[in-house]
Amino acid sequence: MLRPRLRATPVVLALLMCAASACDPYSRDRGSRGGGDDDDGAGSDSDDDDGGGPSWVDSDGDGLSDDQEENLGTDPEDVDTDGDGWEDEEEVDLSTDPLDGDDHPYSMGWPIDPCRDELSVTGNQVGQVTAEFELLSQTGELVRLHDFCGRAVLMVTAAFW
Amino acid sequence: MVISLMGENNFSGPPSQSDLANWADTYGSTHPVLADPNFAVTARFLNSTSIALPTAHLLTTGAEVVIRDGWPGTSDIHNALP
């Protein structure tokens, strides 16, 4: 499956932030993943030996802490709780449901906006909010119109003949 | 965001995935190319009972209709952008 290469971005940003200030391994959010990679010699991301901020435990190394996974309802020991081929953190970042195997990012990297389930349909006249549709795409995936709710959409209708 | 809605294949039937994929490959389209069998979705936006192809419909953020069954100009598109 083709996947958008978005996961390196937070890592790069985190490195740049570390370069600009002292790095606190307990203050990080997403971007650092995997156990024992915090270079403190303790061999785990769960150590809290600075006596300071909250500990970071990411048992499955998917970039979401166990606490975050508990809040989301995902399995903290499974990188892909719903088994759809997309890691839990990817689904959270790309606004799909990590608990629904039928809901995952598009293979072509088409955007999914967080507002997609928040629209109140009013009609199809100018100024009204048009109804959802779900149509077959060239990839075989079903595409939902409201996934693009955060942007302008130009729909061009044609036929092959 | 651009979406192509294809109402019929070369034989006036509903487009299959391979129809859509072949068309996207031929024209190098990386945006969604979608099957709209019998122009059912397109019919929402038509101003009459007949269809003149191609036609276009412009939405702004929140899926709000800006232009139905027309051909938006550059300024229309700019105005619809968030």
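Chain identifiers are assigned alphabetically (A, B, ...) following the order of the sequence lines, protein sequences preceding nucleic acid strands; residue numbering begins at 1 within each chain. The shown structure was predicted, so the numbers you read here are calculated from the model rather than taken from an experiment.
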Under 4.5 Å from a heavy atom of chain A, the part of [X] involved:
X       : result
B:Ala80 : both
B:Phe11 : neither
B:Asp76 : neither
B:Val41 : side chain
B:Ser18 : neither
B:Pro72 : side chain

Would you mind telling me which of [options] has the largest number of heavy-atom pairs within less than 4.5 Å of chain A?
options                           : answer
B:Ala35, B:Pro54, B:Gly7, B:Ala40 : B:Ala35
B:Thr60, B:Thr42, B:Leu81         : B:Thr42
B:Gly62, B:Ala56, B:Ala21         : B:Gly62
B:His31, B:Met6, B:Gln17, B:Arg44 : B:Arg44

Can you tell me how far the [atom1] atom of [X] sits from the [atom2] atom of [Y], to the nearest 0.5 Å?
X        : Y        : atom1 : atom2 : result
B:Leu59  : B:Glu64  : CG    : CD    : 9.0 Å
A:Asp117 : A:Asp97  : CG    : CG    : 9.0 Å
A:Trp86  : A:Leu94  : CH2   : CG    : 7.0 Å
A:His146 : A:Glu134 : NE2   : CD    : 11.5 Å
B:Asp19  : A:Gln138 : CG    : CD    : 12.0 Å

Is a side-chain donor-acceptor pair under 3.5 Å present for [Y] with [X]?
X       : Y        : answer
B:Glu8  : A:Trp161 : yes
A:Glu91 : A:Thr96  : yes
B:Asp69 : B:Thr55  : yes

If we only count heavy atoms from C-beta on, is the B:Pro32 to B:Met1 side-chain gap below 4.5 Å?
yes
Any A:Phe160 side-chain heavy atom under 4.5 Å of B:Leu20 side chain:
yes
Within the distance-only criterion (no hydrogens, no angle test), does the side chain of A:Asp60 pair as donor or acceptor with the backbone N or O of A:Asp78 below 3.5 angstrom?
yes
Tell me, side chain or backbone of [X] under 4.5 Å from chain B's heavy atoms, or both, or neither?
X        : answer
A:Leu136 : both
A:Phe133 : both
A:Glu132 : backbone
A:Thr122 : neither

Residue, of [options], that accumulates the most heavy atom pairs under 4.5 Å with chain B:
options                                : answer
A:Ala159, A:Ser120, A:Ala158, A:Gly123 : A:Ala158
A:Thr139, A:Thr130, A:Leu142           : A:Thr130
A:Gly127, A:Gly140, A:Gly150           : A:Gly127

